[in-house]
Amino acid sequence: MTAPVPGAPRALPDFPWDSLAGARARAAQHPGGVVDLSIGTPVDSTPAVLREALAGAADAPGYPTALGTAQLRTAAAGWLARRLGVHVADPLGAQPSLIPTVGSKELVALLPTLLGLQGGASTVVVPEVAYPTYEVGAVLAGLAVRRSDTPPADAAGVSLVWLNSPGNPHGRVLTVEQLRAWVAWGRAHGVPVVADECYITLGWDVEPRSILHPDVAGADHTGLLAVHSLSKQSTAAGYRGGLLSGDPDLVRRVWEVRRHLGLLVPGPVQASMAAGLADDSHVDEQRERYRRRRERLAAAVRVAGMRIDHSEAGLYLWATRDEDCWATIDRLAALGIVAAPGSFYGPAGARHVRMALTAADERIDAAVGRLTS
């Protein structure tokens with residue numbers, strides 16, 4: 001056996017959803033077909049306002065800019081102000097305060113590397129129950145991972161903090177006070193705090209607040225970054241359109257490396273993003289679709305004897321039967337329903353399953369019928 005090389009990065013974990021093959025096969029035997037609630041991929045049509053802008057910009061012979069077009073940066077700054085109450089520093093200035101990204105997952109996976117945090121004895125703090133890509137990004141950069149939902153007393157070696165509010169998988173929303181505590185901790189220790197806010201327009205029981213909001217960040221965005229995406233709010237996951245905004249010093253560091261790597265959002269996609277960010281009506285219409293699906297599915301999950309925890313925002317129900325999550329996965333597969341086991345998201349999720357609201361209405365109705373019969 002070959003000895004591990006000192007300082008070498010750990011191997012990447014297995015892709016979690018591959019382990020659902022058995023549950024999918026069992027669910028496929030249901031006479032009514034599979035109801036796949038395991039992955040939060042949008043299924044509703046991408047709105048015309050995005051599609052038309054994409055088509056109108058299809059003649060794109062030149063390379064796009066990593067900085068983003070002036071049209072896109074203006075639209076993004078307007079969206080942040082209008083929808084989130086966030087005002088970024090001079091979006092069209094020479095020192096960028098926001099840039100487009102190739103979706104948000106790419107950014108999450110590469111951010112430690114883009115910030116130059118590779119190797120050494122450095123640690124990335126992620127939530128106790130967390131989207132697996134935060135850990136993947138740390139592994140790629142050769143960094144350790146610490147799970148914590150509160151600012152750690154010992155900051156030694158911590159080089160980056162990831163927050164996720166509303167959270168994936170559990171839909172938990174951090175309060176203004178909790179966000180402020182993280183901001184104060186990060187600034188006191190010189191550690192960047194990054195908030196993944198890709199579900200921020202989907203608050204149900206509470207109104208999520210951005211880490212860049214003045215009630216949280218204060219007068220400026222020093223040490224702070226926020227990640228946003230059009231995948232969910234604009235049902236445009238196939239376009240791979242995301243945003244990074246916040247501290248201009250941190251944004252510039254990311255931008256400079258992305259220029260070297262050629263991590264460029266295609267020009268037609270930038271035009272589509274600008275159109276989508278300037279239009280609120282399609283976001284509100286899609287939110288209403290998800291609200292209706294959430295109400296029907298949540299009621300059925302409770303009738304089936306499961307408890308829903310958190311889930312006050314986002315696109316998932318975080319449900320439990322107070323048993324090992326794989327036992328619940330087996331129960332659901334017998335009904336032709338596939339969910340995601342909570343263990344995908346860390347040890348603290350081992351007794352929950354995540355059920356997505358992104359299936360078509362007909363499939364949601366099928367799940368409701370099976371859960372309540």
Side-chain angles (χ1 to χ4, degrees), residues 13 16 40 104-105 107-112 115 117 122-141 143-155 157-186 189 191-200 202-203 205-206 208-212 216-217 223-229 232 242 244 246 308-320 325 340-356:
S104 62
K105 185 171 185 175
L107 179 70
V108 170
L110 291 180
L111 188 61
L115 289 173
L117 304 179
S122 191
T123 298
V124 175
V125 175
V126 306
E128 287 280 357
V129 177
Y131 183 47
T133 309
Y134 306 131
E135 181 175 2
V136 168
V139 170
L140 287 173
L143 309 176
V145 173
R146 181 192 303 183
R147 293 180 180 270
S148 180
D149 286 336
T150 57
D154 179 12
V158 177
S159 60
L160 185 70
V161 169
W162 274 109
L163 305 180
N164 184 203
S165 178
N168 174 12
H170 49 37
R172 178 184 175 217
V173 174
L174 297 178
T175 66
V176 168
E177 292 73 21
Q178 289 170 320
L179 290 169
R180 284 176 183 160
W182 278 110
V183 169
W185 184 92
H189 297 288
V191 176
V193 179
V194 188
D196 178 350
E197 300 177 350
C198 291
Y199 299 90
I200 199 164
L202 295 167
D205 302 326
V206 298
R209 186 61 57 88
S210 174
I211 197 171
L212 302 181
V216 176
L224 307 177
L225 292 171
V227 179
H228 298 106
S229 169
K232 306 302 194 297
L244 178 71
I308 297 173
D309 292 331
H310 302 304
S311 306
E312 58 257 32
L315 283 180
Y316 310 105
L317 299 179
W318 189 234
T320 181
C325 60
S343 57
F344 282 6
Y345 308 95
R351 298 179 73 81
H352 285 76
V353 298
R354 190 193 77 169
M355 305 176 76

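Not a single salt bridge (charged side-chain N to carboxylate O under 4.0 Å, His left out) links D154 to another residue, sequence neighbours left out. Scored by the ring pair (Phe, Tyr, Trp, His ring centres under 6.0 Å) test, Y199 finds Y316 as partners (sequence neighbours excluded). R354 pairs by the salt bridge (charged side-chain N to carboxylate O under 4.0 Å, His left out) definition with nothing, not counting sequence neighbours.
In this structure, the separation between CG on D196 and OG on S229 is 8.5 Å, given to the nearest 0.5 Å. Taken from CD in E197 to OG in S104, the straight-line distance is 11.5 Å, to the nearest 0.5 Å. Taking CG of L110 as the reference point, atom NZ of K105 lies at 11.5 Å (rounded to 0.5 Å). The distance from the CD1 atom of I308 to the CE atom of M355 is 8.5 Å, given to the nearest 0.5 Å. Taken to the nearest 0.5 Å, the CG atom of L117 stands 4.5 Å off from the OG atom of S159. Atom CG of L225 and atom CG of L111 lie 6.5 Å apart (nearest 0.5 Å).
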Verdict with supporting geometry, D149 and R172, salt bridge (Lys or Arg N to Asp or Glu O under 4.0 Å): CA-CA 11 Å; D149 286 336; R172 178 184 175 217; 3.7 Å; yes
Which is it for V183 and V193 under the side-chain contact (heavy atoms from CB on, under 4.5 Å) test, yes or no, and what are the steps along the way? CA-CA 7 Å; V183 169; V193 179; 5.6 Å; no
Given the rule in the side-chain contact (heavy atoms from CB on, under 4.5 Å) test, do R146 and V126 qualify, once you have shown the distances and angles that lead to the verdict? CA-CA 6 Å; R146 181 192 303 183; V126 306; over 6 Å; no
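A ring-centre distance under 6.0 Å is found for H352 and W318.
Here the side chains of L160 and L115 are in contact, with some heavy-atom distance below 4.5 Å. Between T150 and W185, every side-chain heavy-atom pair lies at or beyond the 4.5 Å cut-off. Side chains of V216 and W182 form no contact here, defined as non-hydrogen atoms less than 4.5 Å apart.
E135 places no side-chain N or O within donor-acceptor distance of the main-chain N or O of P132, the cut-off being under 3.5 Å. Side chain of T175 to backbone of Q178: a donor-acceptor contact under 3.5 angstrom is found. D309 places no side-chain N or O within donor-acceptor distance of the main-chain N or O of S311, the cut-off being under 3.5 Å.
Taking both residues in full, the closest heavy atoms of A138 and P112 are given as N-CG, 4.4 Å, listed atom of the first, atom of the second, then distance. In plain terms, the two heavy atoms of V353 and C325 that are nearest each other are CG1-O, 3.8 Å. Here the closest heavy-atom approach between residue G40 and residue K232 is recorded as O-CE, 3.1 Å. Taking each heavy atom of L224 and A217 in turn, the nearest pair found is CD1-CB, 3.6 Å. Closest of all the heavy-atom pairs between A340 and Y345 is CB-OH, 3.8 Å. The minimum heavy-atom distance between E128 and S148, with the atom names listed, is OE2-CA, 3.9 Å.
Between Y134 and Y131, the two ring planes are perpendicular [angle over 60°; tilted spans 30° to 60°].
Just one of I200, I211, V173 meets the side-chain contact (heavy atoms from CB on, under 4.5 Å) condition when paired with S165; it is V173.
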